[in-house]
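For reference, the structure is listed below as C-alpha coordinates.
Numbered from 1 within each chain, the chains take letters A, B, ... in sequence-line order. Computed from a predicted model, the values in this text were never measured in an experiment.
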Amino acid sequence: MSVHLAKGVRDYLPEQMRGRHAVMATVRAVFDRFGFEPLDTPAFERLDTLTGKYGDEGDKLMFRILQRGEGGEAGLADQALRYDLTVPLARFVAMHPELRLPFKRWQMAPVWRAERAQRGRFREFYQCDADIVGTTSPMADAECLAVASTAITELGFPDHVVRLNDRRILRAMARAVGAHDHELPLLIAVDKLDKIGRDGVSAEVRRLGLDDDAIARLWQILDVPRGHADTLDALAVHLDDEGRAGVDTLREVLRIAFALGVAPERLQVDPTLARGLDYYTGPVFETVLPGRNMGSVSGGGRYDGLVGMFCGRQIPCVGVSIGIERLLVLLEEEGRLEVASTAADVLVTVHDDDHRDAALAAVAALRAAGVRAEVFLDDKKLKAQLKYANARGYRWVAFVGPEEAAAGQVTLKDFAAGKQVTVPLHEAASVIGME
RNA sequence: GUGAGCAUAGCUCAGUUGGUUAGAGCGCCGGAUUGUGGUUCCGGAGGUCGUGGGUUCAAAACCCACUGUUCACCCCA
(Lines give C-alpha, C1' and ligand atoms only; values in the text may rest on other atoms or scores of the structure.)
Protein backbone atom coordinates (compact mmCIF):
# COMPACT_ATOMS: atom_id res chain seq x y z
CA MET A 1 0.00 0.00 0.00
CA SER A 2 1.34 3.40 -0.88
CA VAL A 3 -1.11 5.55 1.01
CA HIS A 4 0.46 7.60 3.76
CA LEU A 5 -0.42 10.29 6.24
CA ALA A 6 1.26 13.65 5.95
CA LYS A 7 4.36 13.88 8.12
CA GLY A 8 3.86 14.33 11.82
CA VAL A 9 0.07 13.99 11.92
CA ARG A 10 -2.10 11.19 13.24
CA ASP A 11 -5.54 9.71 12.95
CA TYR A 12 -7.35 9.47 16.25
CA LEU A 13 -9.06 6.07 16.43
CA PRO A 14 -12.34 5.61 18.31
CA GLU A 15 -10.63 3.92 21.27
CA GLN A 16 -8.07 6.74 21.38
CA MET A 17 -10.75 9.39 21.15
CA ARG A 18 -12.21 8.08 24.38
CA GLY A 19 -8.96 8.80 26.17
CA ARG A 20 -8.51 12.13 24.45
CA HIS A 21 -12.00 13.22 25.36
CA ALA A 22 -11.52 12.14 28.96
CA VAL A 23 -8.27 14.12 29.25
CA MET A 24 -9.77 17.19 27.62
CA ALA A 25 -12.84 16.98 29.83
CA THR A 26 -10.60 16.93 32.91
CA VAL A 27 -8.62 19.97 31.78
CA ARG A 28 -11.76 21.80 30.77
CA ALA A 29 -13.37 21.11 34.14
CA VAL A 30 -10.36 22.62 35.90
CA PHE A 31 -10.38 25.68 33.63
CA ASP A 32 -14.09 26.14 34.32
CA ARG A 33 -13.57 25.77 38.05
CA PHE A 34 -10.97 28.53 37.99
CA GLY A 35 -13.42 30.83 36.22
CA PHE A 36 -11.90 30.89 32.75
CA GLU A 37 -14.34 31.42 29.89
CA PRO A 38 -14.31 29.50 26.62
CA LEU A 39 -13.11 31.13 23.41
CA ASP A 40 -12.29 29.85 19.96
CA THR A 41 -10.50 31.53 17.07
CA PRO A 42 -9.92 30.50 13.44
CA ALA A 43 -7.42 27.79 12.54
CA PHE A 44 -5.59 30.23 10.29
CA GLU A 45 -4.79 33.92 10.49
CA ARG A 46 -3.35 36.57 8.21
CA LEU A 47 0.37 35.99 7.86
CA ASP A 48 1.32 39.41 9.23
CA THR A 49 -0.70 38.69 12.37
CA LEU A 50 1.49 35.71 13.20
CA THR A 51 4.97 36.58 11.96
CA GLY A 52 7.46 38.46 14.06
CA LYS A 53 5.98 37.34 17.39
CA TYR A 54 7.79 34.07 18.06
CA GLY A 55 11.32 34.80 16.89
CA ASP A 56 13.12 33.56 13.80
CA GLU A 57 12.62 29.91 14.69
CA GLY A 58 8.87 30.29 14.99
CA ASP A 59 8.56 32.16 11.72
CA LYS A 60 10.42 29.35 10.00
CA LEU A 61 8.21 26.65 11.48
CA MET A 62 4.92 28.26 10.52
CA PHE A 63 2.77 26.49 7.94
CA ARG A 64 2.07 29.15 5.32
CA ILE A 65 -0.93 29.12 3.03
CA LEU A 66 -0.36 30.17 -0.57
CA GLN A 67 -2.42 32.97 -2.05
CA ARG A 68 -4.89 32.15 -4.75
CA GLY A 69 -4.08 33.16 -8.30
CA GLU A 70 -0.80 34.65 -9.43
CA GLY A 71 0.60 35.09 -5.97
CA GLY A 72 0.32 31.36 -5.33
CA GLU A 73 2.23 30.53 -8.46
CA ALA A 74 4.94 32.92 -7.35
CA GLY A 75 5.10 31.03 -4.05
CA LEU A 76 3.68 33.91 -2.02
CA ALA A 77 1.72 33.27 1.14
CA ASP A 78 -0.60 35.71 2.83
CA GLN A 79 -2.05 33.47 5.54
CA ALA A 80 -0.74 30.81 7.90
CA LEU A 81 -2.03 28.10 10.20
CA ARG A 82 -1.87 29.23 13.81
CA TYR A 83 1.39 28.36 15.56
CA ASP A 84 -0.06 28.68 19.03
CA LEU A 85 -3.18 30.07 20.72
CA THR A 86 -1.50 33.02 22.41
CA VAL A 87 -0.87 35.32 19.46
CA PRO A 88 -4.42 34.78 18.11
CA LEU A 89 -5.69 35.70 21.59
CA ALA A 90 -3.67 38.92 21.54
CA ARG A 91 -5.08 39.70 18.09
CA PHE A 92 -8.58 39.05 19.43
CA VAL A 93 -8.03 41.30 22.43
CA ALA A 94 -6.72 44.10 20.21
CA MET A 95 -9.86 43.84 18.07
CA HIS A 96 -12.22 43.98 21.05
CA PRO A 97 -11.66 47.15 23.08
CA GLU A 98 -15.06 46.63 24.69
CA LEU A 99 -13.79 43.56 26.58
CA ARG A 100 -14.27 43.92 30.29
CA LEU A 101 -10.86 43.41 31.93
CA PRO A 102 -9.45 41.36 33.43
CA PHE A 103 -10.63 38.72 31.00
CA LYS A 104 -9.90 35.06 31.70
CA ARG A 105 -10.29 32.68 28.79
CA TRP A 106 -9.48 29.07 28.05
CA GLN A 107 -9.07 27.56 24.60
CA MET A 108 -8.46 23.99 23.50
CA ALA A 109 -7.64 23.66 19.85
CA PRO A 110 -5.14 22.26 17.36
CA VAL A 111 -2.09 24.24 16.31
CA TRP A 112 0.44 23.45 13.60
CA ARG A 113 4.21 23.60 13.51
CA ALA A 114 6.44 22.43 10.64
CA GLU A 115 8.89 20.65 12.93
CA ARG A 116 10.41 17.20 12.63
CA ALA A 117 8.16 14.90 14.62
CA GLN A 118 9.48 12.84 17.52
CA ARG A 119 8.21 11.27 20.71
CA GLY A 120 5.58 13.54 22.21
CA ARG A 121 6.00 16.08 19.43
CA PHE A 122 3.75 16.35 16.42
CA ARG A 123 3.16 18.76 13.57
CA GLU A 124 -0.50 18.98 14.51
CA PHE A 125 -1.29 18.96 18.20
CA TYR A 126 -3.81 20.31 20.67
CA GLN A 127 -2.93 23.07 23.05
CA CYS A 128 -4.97 23.74 26.17
CA ASP A 129 -4.42 27.36 27.12
CA ALA A 130 -5.62 29.45 30.03
CA ASP A 131 -4.77 33.15 29.91
CA ILE A 132 -5.59 36.24 31.95
CA VAL A 133 -5.80 39.49 29.99
CA GLY A 134 -5.63 42.98 31.38
CA THR A 135 -3.83 42.90 34.71
CA THR A 136 -0.22 43.13 35.84
CA SER A 137 -1.09 41.69 39.24
CA PRO A 138 1.12 38.79 40.27
CA MET A 139 -2.11 37.16 41.40
CA ALA A 140 -2.79 36.49 37.72
CA ASP A 141 0.59 34.82 37.24
CA ALA A 142 -0.02 32.71 40.33
CA GLU A 143 -3.47 31.72 39.10
CA CYS A 144 -1.94 30.44 35.87
CA LEU A 145 0.60 28.39 37.82
CA ALA A 146 -2.14 27.03 40.03
CA VAL A 147 -4.51 26.12 37.20
CA ALA A 148 -1.77 24.25 35.34
CA SER A 149 -0.57 22.46 38.45
CA THR A 150 -4.13 21.46 39.34
CA ALA A 151 -4.94 20.19 35.86
CA ILE A 152 -1.72 18.17 35.61
CA THR A 153 -2.34 16.71 39.06
CA GLU A 154 -5.88 15.70 38.15
CA LEU A 155 -4.62 14.09 34.96
CA GLY A 156 -2.62 11.74 37.16
CA PHE A 157 0.77 13.45 37.49
CA PRO A 158 0.85 14.82 41.05
CA ASP A 159 4.65 14.55 41.13
CA HIS A 160 5.30 17.37 38.63
CA VAL A 161 7.51 20.37 39.23
CA VAL A 162 6.81 23.85 37.91
CA ARG A 163 10.09 25.61 37.13
CA LEU A 164 9.88 29.35 37.47
CA ASN A 165 12.00 32.27 36.32
CA ASP A 166 11.61 35.82 35.06
CA ARG A 167 12.78 37.36 31.83
CA ARG A 168 14.04 40.39 33.72
CA ILE A 169 16.28 38.16 35.82
CA LEU A 170 17.66 36.61 32.66
CA ARG A 171 18.33 39.98 31.05
CA ALA A 172 19.99 41.25 34.21
CA MET A 173 22.10 38.10 34.30
CA ALA A 174 23.27 38.73 30.74
CA ARG A 175 24.20 42.29 31.70
CA ALA A 176 26.00 41.12 34.82
CA VAL A 177 28.34 38.96 32.77
CA GLY A 178 28.77 41.56 30.03
CA ALA A 179 26.83 39.57 27.44
CA HIS A 180 24.01 42.00 26.73
CA ASP A 181 24.94 41.93 23.03
CA HIS A 182 24.18 38.24 22.69
CA GLU A 183 21.61 37.75 25.39
CA LEU A 184 19.59 35.17 23.49
CA PRO A 185 22.43 32.71 22.70
CA LEU A 186 23.53 33.05 26.32
CA LEU A 187 20.10 32.14 27.61
CA ILE A 188 19.88 29.17 25.24
CA ALA A 189 23.25 27.92 26.46
CA VAL A 190 22.26 28.34 30.08
CA ASP A 191 18.95 26.59 29.49
CA LYS A 192 20.82 23.47 28.37
CA LEU A 193 22.49 22.95 31.75
CA ASP A 194 20.44 19.83 32.51
CA LYS A 195 21.40 18.30 29.19
CA ILE A 196 25.02 19.23 28.60
CA GLY A 197 26.23 19.89 32.16
CA ARG A 198 28.42 22.63 33.62
CA ASP A 199 31.37 22.02 31.34
CA GLY A 200 29.13 22.04 28.28
CA VAL A 201 27.58 25.35 29.29
CA SER A 202 30.96 26.87 30.10
CA ALA A 203 32.34 25.82 26.72
CA GLU A 204 29.33 27.20 24.92
CA VAL A 205 29.39 30.61 26.60
CA ARG A 206 33.14 30.82 26.05
CA ARG A 207 32.40 30.53 22.35
CA LEU A 208 30.12 33.54 22.77
CA GLY A 209 33.16 35.53 23.86
CA LEU A 210 32.83 35.38 27.65
CA ASP A 211 36.17 35.39 29.44
CA ASP A 212 36.99 33.40 32.58
CA ASP A 213 35.91 36.23 34.88
CA ALA A 214 32.55 36.51 33.19
CA ILE A 215 32.04 32.76 33.29
CA ALA A 216 32.88 32.72 36.98
CA ARG A 217 30.32 35.46 37.57
CA LEU A 218 27.78 33.47 35.59
CA TRP A 219 28.23 30.41 37.81
CA GLN A 220 28.01 32.56 40.90
CA ILE A 221 24.53 33.46 39.74
CA LEU A 222 23.48 30.06 38.45
CA ASP A 223 24.80 28.14 41.42
CA VAL A 224 22.20 29.49 43.78
CA PRO A 225 20.23 26.66 45.40
CA ARG A 226 17.02 25.75 43.59
CA GLY A 227 14.18 26.59 45.90
CA HIS A 228 11.94 29.47 46.80
CA ALA A 229 12.59 32.68 48.71
CA ASP A 230 16.14 31.62 49.55
CA THR A 231 16.92 31.27 45.86
CA LEU A 232 15.49 34.70 45.16
CA ASP A 233 17.44 36.29 48.02
CA ALA A 234 20.64 34.80 46.66
CA LEU A 235 19.88 35.96 43.14
CA ALA A 236 19.06 39.52 44.15
CA VAL A 237 22.60 40.03 45.42
CA HIS A 238 24.04 39.61 41.93
CA LEU A 239 21.52 41.54 39.86
CA ASP A 240 20.79 45.14 38.94
CA ASP A 241 17.52 47.02 39.49
CA GLU A 242 15.60 45.38 36.65
CA GLY A 243 16.75 41.96 37.77
CA ARG A 244 15.65 42.69 41.31
CA ALA A 245 12.25 43.76 40.00
CA GLY A 246 11.92 40.27 38.52
CA VAL A 247 13.02 38.78 41.82
CA ASP A 248 10.43 40.78 43.72
CA THR A 249 7.69 39.76 41.34
CA LEU A 250 8.55 36.08 41.69
CA ARG A 251 8.58 36.46 45.45
CA GLU A 252 5.00 37.69 45.26
CA VAL A 253 3.96 35.04 42.76
CA LEU A 254 5.31 32.29 45.01
CA ARG A 255 3.58 33.68 48.06
CA ILE A 256 0.25 33.90 46.26
CA ALA A 257 0.59 30.46 44.69
CA PHE A 258 1.18 28.94 48.12
CA ALA A 259 -1.84 30.81 49.45
CA LEU A 260 -3.85 29.35 46.57
CA GLY A 261 -2.92 25.89 47.80
CA VAL A 262 -0.05 24.95 45.51
CA ALA A 263 2.30 22.73 47.49
CA PRO A 264 5.79 24.18 47.97
CA GLU A 265 7.45 21.09 46.52
CA ARG A 266 5.59 21.68 43.24
CA LEU A 267 7.35 25.01 42.64
CA GLN A 268 11.01 25.63 42.03
CA VAL A 269 12.70 28.88 41.12
CA ASP A 270 15.33 28.06 38.51
CA PRO A 271 17.54 30.80 37.03
CA THR A 272 18.47 28.56 34.09
CA LEU A 273 14.93 28.38 32.75
CA ALA A 274 14.86 30.46 29.56
CA ARG A 275 11.92 29.70 27.21
CA GLY A 276 12.44 30.60 23.58
CA LEU A 277 9.35 32.51 22.55
CA ASP A 278 10.11 36.18 21.94
CA TYR A 279 6.96 37.62 23.42
CA TYR A 280 7.58 36.84 27.10
CA THR A 281 8.42 39.87 29.23
CA GLY A 282 8.16 38.86 32.90
CA PRO A 283 7.67 35.60 34.79
CA VAL A 284 8.10 32.44 32.70
CA PHE A 285 7.41 28.90 33.78
CA GLU A 286 7.28 25.36 32.55
CA THR A 287 6.24 22.05 34.07
CA VAL A 288 8.43 18.97 34.00
CA LEU A 289 7.89 15.42 35.23
CA PRO A 290 10.99 14.20 37.07
CA GLY A 291 11.91 10.64 36.20
CA ARG A 292 10.03 10.56 32.94
CA ASN A 293 11.78 10.97 29.63
CA MET A 294 9.61 13.73 28.25
CA GLY A 295 10.07 17.44 27.64
CA SER A 296 7.99 20.05 29.38
CA VAL A 297 4.30 19.24 29.72
CA SER A 298 3.21 22.81 30.16
CA GLY A 299 4.70 26.20 29.59
CA GLY A 300 3.75 29.81 29.90
CA GLY A 301 4.56 33.24 31.09
CA ARG A 302 3.76 36.92 31.02
CA TYR A 303 3.64 38.79 27.73
CA ASP A 304 2.80 42.41 28.43
CA GLY A 305 3.86 43.72 25.04
CA LEU A 306 2.05 41.44 22.63
CA VAL A 307 -1.36 43.12 22.41
CA GLY A 308 0.40 46.43 21.89
CA MET A 309 1.89 45.05 18.68
CA PHE A 310 -1.64 44.97 17.22
CA CYS A 311 -3.06 48.22 18.53
CA GLY A 312 -2.00 51.33 20.38
CA ARG A 313 -3.05 50.05 23.76
CA GLN A 314 -0.63 48.15 25.99
CA ILE A 315 -2.64 45.39 27.64
CA PRO A 316 -0.73 43.09 30.00
CA CYS A 317 -1.38 39.34 29.74
CA VAL A 318 -0.18 36.14 31.33
CA GLY A 319 -1.03 32.60 30.35
CA VAL A 320 -0.19 28.93 30.42
CA SER A 321 -0.46 26.08 27.97
CA ILE A 322 -0.94 22.46 29.01
CA GLY A 323 0.65 19.85 26.76
CA ILE A 324 -2.00 17.19 26.69
CA GLU A 325 -0.39 15.39 23.75
CA ARG A 326 2.66 14.60 25.81
CA LEU A 327 0.58 13.66 28.83
CA LEU A 328 -1.49 11.39 26.58
CA VAL A 329 1.67 9.69 25.31
CA LEU A 330 2.72 9.01 28.90
CA LEU A 331 -0.73 7.86 30.01
CA GLU A 332 -0.90 5.49 27.07
CA GLU A 333 2.61 4.11 27.65
CA GLU A 334 1.83 3.61 31.32
CA GLY A 335 -1.45 1.87 30.52
CA ARG A 336 -3.44 4.46 32.41
CA LEU A 337 -5.65 5.57 29.54
CA GLU A 338 -9.29 4.65 29.47
CA VAL A 339 -9.72 2.07 26.71
CA ALA A 340 -13.34 1.10 27.22
CA SER A 341 -15.30 -0.02 24.19
CA THR A 342 -17.07 2.60 22.16
CA ALA A 343 -19.88 0.15 21.39
CA ALA A 344 -23.48 0.87 22.30
CA ASP A 345 -25.17 -0.93 25.20
CA VAL A 346 -27.11 -3.34 23.03
CA LEU A 347 -26.98 -4.77 19.53
CA VAL A 348 -30.33 -5.85 18.10
CA THR A 349 -29.84 -8.79 15.78
CA VAL A 350 -31.89 -9.37 12.64
CA HIS A 351 -33.33 -12.88 12.43
CA ASP A 352 -34.25 -12.71 8.74
CA ASP A 353 -35.84 -10.39 6.18
CA ASP A 354 -39.36 -11.13 7.43
CA HIS A 355 -38.48 -9.98 10.93
CA ARG A 356 -36.34 -6.99 10.05
CA ASP A 357 -39.12 -4.51 10.81
CA ALA A 358 -39.62 -6.08 14.23
CA ALA A 359 -35.91 -5.62 14.93
CA LEU A 360 -36.08 -2.01 13.79
CA ALA A 361 -39.08 -1.41 16.03
CA ALA A 362 -37.12 -2.86 18.94
CA VAL A 363 -34.06 -0.69 18.34
CA ALA A 364 -36.27 2.38 17.95
CA ALA A 365 -38.07 1.61 21.22
CA LEU A 366 -34.80 1.11 23.06
CA ARG A 367 -33.36 4.35 21.70
CA ALA A 368 -36.54 6.24 22.59
CA ALA A 369 -36.11 4.95 26.14
CA GLY A 370 -32.57 6.35 26.25
CA VAL A 371 -30.64 3.12 25.70
CA ARG A 372 -27.64 3.25 23.37
CA ALA A 373 -28.90 0.71 20.82
CA GLU A 374 -27.73 -0.45 17.42
CA VAL A 375 -29.19 -2.81 14.87
CA PHE A 376 -27.05 -5.25 12.88
CA LEU A 377 -26.63 -3.77 9.42
CA ASP A 378 -25.71 -6.74 7.21
CA ASP A 379 -27.51 -9.85 6.06
CA LYS A 380 -25.56 -12.48 7.98
CA LYS A 381 -26.21 -15.55 10.02
CA LEU A 382 -27.04 -15.09 13.68
CA LYS A 383 -23.75 -16.67 14.64
CA ALA A 384 -21.83 -14.03 12.73
CA GLN A 385 -23.93 -11.30 14.30
CA LEU A 386 -23.09 -12.61 17.78
CA LYS A 387 -19.41 -12.86 16.97
CA TYR A 388 -19.50 -9.27 15.80
CA ALA A 389 -21.30 -8.17 18.95
CA ASN A 390 -18.76 -9.93 21.14
CA ALA A 391 -15.79 -8.55 19.25
CA ARG A 392 -17.12 -5.01 19.36
CA GLY A 393 -17.79 -5.26 23.07
CA TYR A 394 -21.55 -4.88 23.38
CA ARG A 395 -22.79 -5.91 26.79
CA TRP A 396 -26.22 -6.94 25.50
CA VAL A 397 -27.64 -8.59 22.41
CA ALA A 398 -31.35 -8.55 21.57
CA PHE A 399 -33.14 -11.23 19.55
CA VAL A 400 -36.43 -10.58 17.82
CA GLY A 401 -37.26 -13.88 16.08
CA PRO A 402 -40.63 -15.28 15.00
CA GLU A 403 -41.69 -16.14 18.54
CA GLU A 404 -40.77 -12.78 20.06
CA ALA A 405 -42.24 -10.85 17.14
CA ALA A 406 -45.55 -12.68 17.41
CA ALA A 407 -45.74 -12.01 21.15
CA GLY A 408 -44.44 -8.42 21.09
CA GLN A 409 -41.44 -9.53 23.07
CA VAL A 410 -37.67 -9.33 22.87
CA THR A 411 -35.02 -11.73 24.17
CA LEU A 412 -32.11 -9.99 25.87
CA LYS A 413 -28.84 -11.83 26.28
CA ASP A 414 -26.33 -10.51 28.78
CA PHE A 415 -22.84 -11.39 27.53
CA ALA A 416 -21.22 -10.61 30.85
CA ALA A 417 -23.51 -12.89 32.84
CA GLY A 418 -24.08 -15.43 30.09
CA LYS A 419 -27.81 -15.40 30.79
CA GLN A 420 -30.81 -14.33 28.77
CA VAL A 421 -34.39 -13.33 29.44
CA THR A 422 -37.47 -12.79 27.28
CA VAL A 423 -39.61 -9.79 28.17
CA PRO A 424 -42.26 -7.55 26.59
CA LEU A 425 -40.62 -4.95 24.37
CA HIS A 426 -41.64 -2.05 26.61
CA GLU A 427 -39.76 -3.62 29.52
CA ALA A 428 -36.52 -4.15 27.61
CA ALA A 429 -35.02 -0.77 28.40
CA SER A 430 -35.53 -1.17 32.12
CA VAL A 431 -33.94 -4.65 32.09
CA ILE A 432 -30.82 -3.17 30.50
CA GLY A 433 -30.94 -0.14 32.75
CA MET A 434 -31.12 -2.25 35.92
CA GLU A 435 -27.92 -4.19 35.32
C1' G B 1 17.42 22.37 9.06
C1' U B 2 21.34 18.45 11.36
C1' G B 3 22.62 13.33 13.03
C1' A B 4 21.56 8.05 14.02
C1' G B 5 18.54 3.54 13.86
C1' C B 6 14.71 0.72 11.58
C1' A B 7 11.57 -1.10 7.03
C1' U B 8 9.53 -9.30 6.13
C1' A B 9 1.42 -11.33 6.24
C1' G B 10 -3.82 -6.90 8.90
C1' C B 11 -0.61 -6.64 13.92
C1' U B 12 3.98 -8.20 16.83
C1' C B 13 8.13 -10.37 15.11
C1' A B 14 11.63 -15.08 13.51
C1' G B 15 14.48 -15.93 9.17
C1' U B 16 21.62 -19.40 10.61
C1' U B 17 28.28 -17.65 7.25
C1' G B 18 24.00 -15.07 0.86
C1' G B 19 21.70 -21.37 -1.16
C1' U B 20 15.31 -25.05 -3.09
C1' U B 21 8.23 -23.71 -2.79
C1' A B 22 9.78 -17.14 3.20
C1' G B 23 7.85 -18.92 8.78
C1' A B 24 5.43 -18.41 13.89
C1' G B 25 1.97 -16.22 17.30
C1' C B 26 -2.18 -13.19 17.30
C1' G B 27 -6.00 -11.42 14.09
C1' C B 28 -9.26 -12.51 9.77
C1' C B 29 -12.63 -16.03 6.89
C1' G B 30 -15.16 -20.96 6.79
C1' G B 31 -16.78 -25.56 9.30
C1' A B 32 -18.05 -28.81 13.93
C1' U B 33 -26.94 -30.52 11.65
C1' U B 34 -32.40 -26.69 13.21
C1' G B 35 -32.44 -19.35 16.76
C1' U B 36 -26.77 -18.17 20.45
C1' G B 37 -20.95 -15.23 21.07
C1' G B 38 -16.61 -15.41 24.03
C1' U B 39 -13.44 -21.18 25.34
C1' U B 40 -11.99 -25.84 22.28
C1' C B 41 -11.17 -28.72 17.68
C1' C B 42 -10.60 -28.86 12.19
C1' G B 43 -9.78 -26.24 7.67
C1' G B 44 -8.57 -21.77 4.69
C1' A B 45 -7.12 -17.10 2.67
C1' G B 46 -3.28 -13.57 3.01
C1' G B 47 3.64 -11.47 1.53
C1' U B 48 6.33 -8.44 -6.12
C1' C B 49 10.44 -9.34 1.82
C1' G B 50 9.23 -0.36 1.47
C1' U B 51 10.72 1.37 -3.96
C1' G B 52 14.53 1.51 -7.73
C1' G B 53 19.32 0.21 -9.12
C1' G B 54 24.01 -2.64 -8.24
C1' U B 55 27.38 -7.01 -6.62
C1' U B 56 26.77 -12.54 -7.29
C1' C B 57 25.78 -18.77 -10.50
C1' A B 58 22.29 -17.33 -6.49
C1' A B 59 19.89 -11.53 -2.43
C1' A B 60 14.74 -10.87 2.51
C1' A B 61 20.13 -10.98 3.78
C1' C B 62 25.80 -7.40 0.97
C1' C B 63 26.43 -2.06 -1.48
C1' C B 64 24.11 2.74 -3.31
C1' A B 65 20.01 6.01 -3.95
C1' C B 66 15.04 7.27 -2.88
C1' U B 67 10.66 6.99 0.17
C1' G B 68 8.49 6.01 4.77
C1' U B 69 9.11 5.65 9.97
C1' U B 70 11.35 6.07 14.90
C1' C B 71 14.76 8.39 18.15
C1' A B 72 17.96 12.44 19.25
C1' C B 73 19.77 17.76 18.28
C1' C B 74 17.74 22.81 17.46
C1' C B 75 13.36 24.64 19.34
C1' C B 76 9.04 23.53 21.77
C1' A B 77 3.29 21.47 24.30
Side-chain angles (χ1 to χ4, degrees), chain A residues 1-10 23 27 54-62 83-86 108-129 148 151-152 184-185 187-189 191-192 195-196 200 204 273-278 280 284-289 293-301 319-330 347 349-352 355 359 376 380-405 411-420 422:
Chain A
M1 274 208 299
S2 61
V3 53
H4 291 108
L5 282 172
K7 252 189 231 302
V9 299
R10 306 152 291 163
V23 164
V27 174
Y54 305 105
D56 293 344
E57 193 73 17
D59 285 355
K60 263 186 245 164
L61 298 179
M62 209 145 26
Y83 180 86
D84 70 0
L85 303 177
T86 305
M108 240 178 256
V111 303
W112 293 270
R113 296 179 186 180
E115 303 181 279
R116 278 267 268 265
Q118 58 182 279
R119 178 162 173 270
R121 166 196 279 182
F122 311 95
R123 294 182 130 190
E124 173 182 71
F125 65 98
Y126 273 70
Q127 283 198 327
C128 305
D129 280 26
I152 290 168
L184 204 65
L187 300 189
I188 289 169
D191 192 44
K192 284 194 271 192
K195 276 181 187 165
I196 63 179
E204 201 146 318
L273 173 68
R275 315 265 327 146
L277 296 177
D278 266 14
Y280 291 126
V284 290
F285 37 88
E286 71 173 28
T287 307
V288 293
L289 301 173
N293 178 27
M294 182 64 76
S296 60
V297 295
S298 102
V320 66
S321 182
I322 295 168
I324 57 164
E325 307 290 0
R326 288 175 176 183
L327 295 169
L328 277 161
V329 166
L330 291 172
L347 178 73
T349 57
V350 178
H351 184 267
D352 57 49
H355 299 88
F376 194 81
K380 287 199 175 168
K381 289 192 290 191
L382 185 62
K383 191 181 188 108
Q385 299 188 39
L386 281 160
K387 277 178 90 109
Y388 170 85
N390 189 65
R392 284 290 308 275
Y394 296 88
R395 164 88 187 267
W396 296 85
V397 164
F399 306 99
V400 192
E403 291 156 29
E404 290 91 344
T411 297
L412 295 169
K413 181 184 177 74
D414 180 348
F415 271 150
K419 290 186 225 161
Q420 64 185 55
T422 301

**Q.** Any A:K60 side-chain nitrogen or oxygen under 4.0 Å from OP1 or OP2 of B:rC75
**A.**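 Checking A:K60 against B:rC75: no side-chain N or O falls below 4.0 Å of OP1 or OP2.
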
Q.
So, OP1 or OP2 of B:rG37: does either fall under 4.0 Å of a side-chain N or O from A:K413?
A. no

Taking [X] for its side chain and [Y] for its backbone only, find out whether a donor-acceptor pair lies under 3.5 Å.
X	Y	result
A:R113	A:L61	no
A:R119	A:N293	yes
A:D352	A:H355	yes
A:T349	A:A398	yes

Whole-Å distance separating the [atom1] atom of [X] from the [atom2] atom of [N]:
X	N	atom1	atom2	answer
A:N293	B:rU70	CG	C1'	14 Å
A:K7	B:rC71	NZ	P	14 Å
A:Q118	B:rC75	CD	P	12 Å
A:R123	B:rC76	CZ	P	17 Å
A:R395	B:rG38	CZ	P	19 Å
A:I188	B:rC74	CD1	P	10 Å
A:R119	B:rC73	CZ	C1'	16 Å
A:E115	B:rC71	CD	P	14 Å

What contact category does [X] fall into here, base, sugar-phosphate, or nothing, at under 4.0 angstrom with non-hydrogen atoms?
X	value
A:K381	sugar-phosphate
A:K380	nothing
A:G55	nothing
A:Y126	nothing
A:E286	nothing
A:G295	nothing
A:K387	sugar-phosphate

Q. Out of B:rG37, B:rC74, B:rA77, which has the shortest distance to the side chain of A:S321?
A. B:rA77

Q.
As a test of reading the structure: which of B:rG35, B:rA77, B:rU36 is closest to the side chain of A:E404, going by heavy atoms?
A.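 Nearest listed nucleotide: B:rG35.
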
Whom does [N] pair with, Watson-Crick or G-U wobble, provided both distances fall under 3.5 Å?
N	value
B:rG44	B:rC28
B:rA9	none
B:rC66	B:rG50
B:rG37	none
B:rC73	B:rG1
B:rA58	none

Q: Would you kindly say whether A:Q420 and A:T411 are connected by a side-chain donor-acceptor distance under 3.5 Å?
A: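 There is no such pair (donor and acceptor under 3.5 Å, judged by atom type) between the side chains of A:Q420 and A:T411.
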
Distance, [atom1] atom - from [M] to [N], rounded to whole angstrom:
N	M	atom1	value
B:rU8	B:rG1	P	26 Å
B:rA45	B:rC28	C1'	9 Å
B:rG46	B:rA22	C1'	14 Å
B:rA9	B:rC71	C1'	27 Å
B:rU17	B:rG10	C1'	34 Å
B:rG30	B:rU70	P	35 Å
B:rU48	B:rU33	P	37 Å
B:rA7	B:rC62	P	10 Å

Can you find a donor-acceptor pair, distance only, under 3.5 Å between [X] side chain and [N] base?
X	N	result
A:K383	B:rU36	no
A:Q420	B:rU36	yes
A:R326	B:rC76	yes
A:R121	B:rC75	yes
A:N390	B:rG37	yes
A:E57	B:rG1	no
A:R116	B:rU2	yes

Q) So, do A:L327 and A:I322 sit near enough that their side-chain heavy atoms are less than 4.5 Å apart? A) yes

Q.
Could you check whether any side-chain heavy atom of A:M294 comes within less than 4.5 Å of a side-chain heavy atom of A:V329, counting everything from C-beta outward?
A.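 Yes, their side chains come closer than 4.5 Å.
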
Q) Hey, which of these two, A:Y280 or A:H351, hits RNA chain B nearer its 5' end, going by closest nucleotide? A) A:H351

Q: Hey, which sits more toward the 5' end of RNA chain B by its nearest nucleotide, A:G401 or A:D191?
A: A:G401

Q. Any stacking of A:F399 on B:rG35, going by centres under 5.5 angstrom and planes within less than 30 degrees?
A.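 No; centroid distance or tilt outside limits.
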
Q) With centres under 5.5 Å and planes under 30° as the test, does A:F415 stack with B:rG38? A) no

Q: Can you see which heavy atom on A:R275 is nearest to which on A:S296, and at what distance?
A: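 Result for this residue pair: NH1-OG, 4.2 Å.
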
Q) So among A:Q127, A:R121, A:R10, which one has a side chain to side chain donor-acceptor pair (under 3.5 Å) with A:E325? A) A:R10

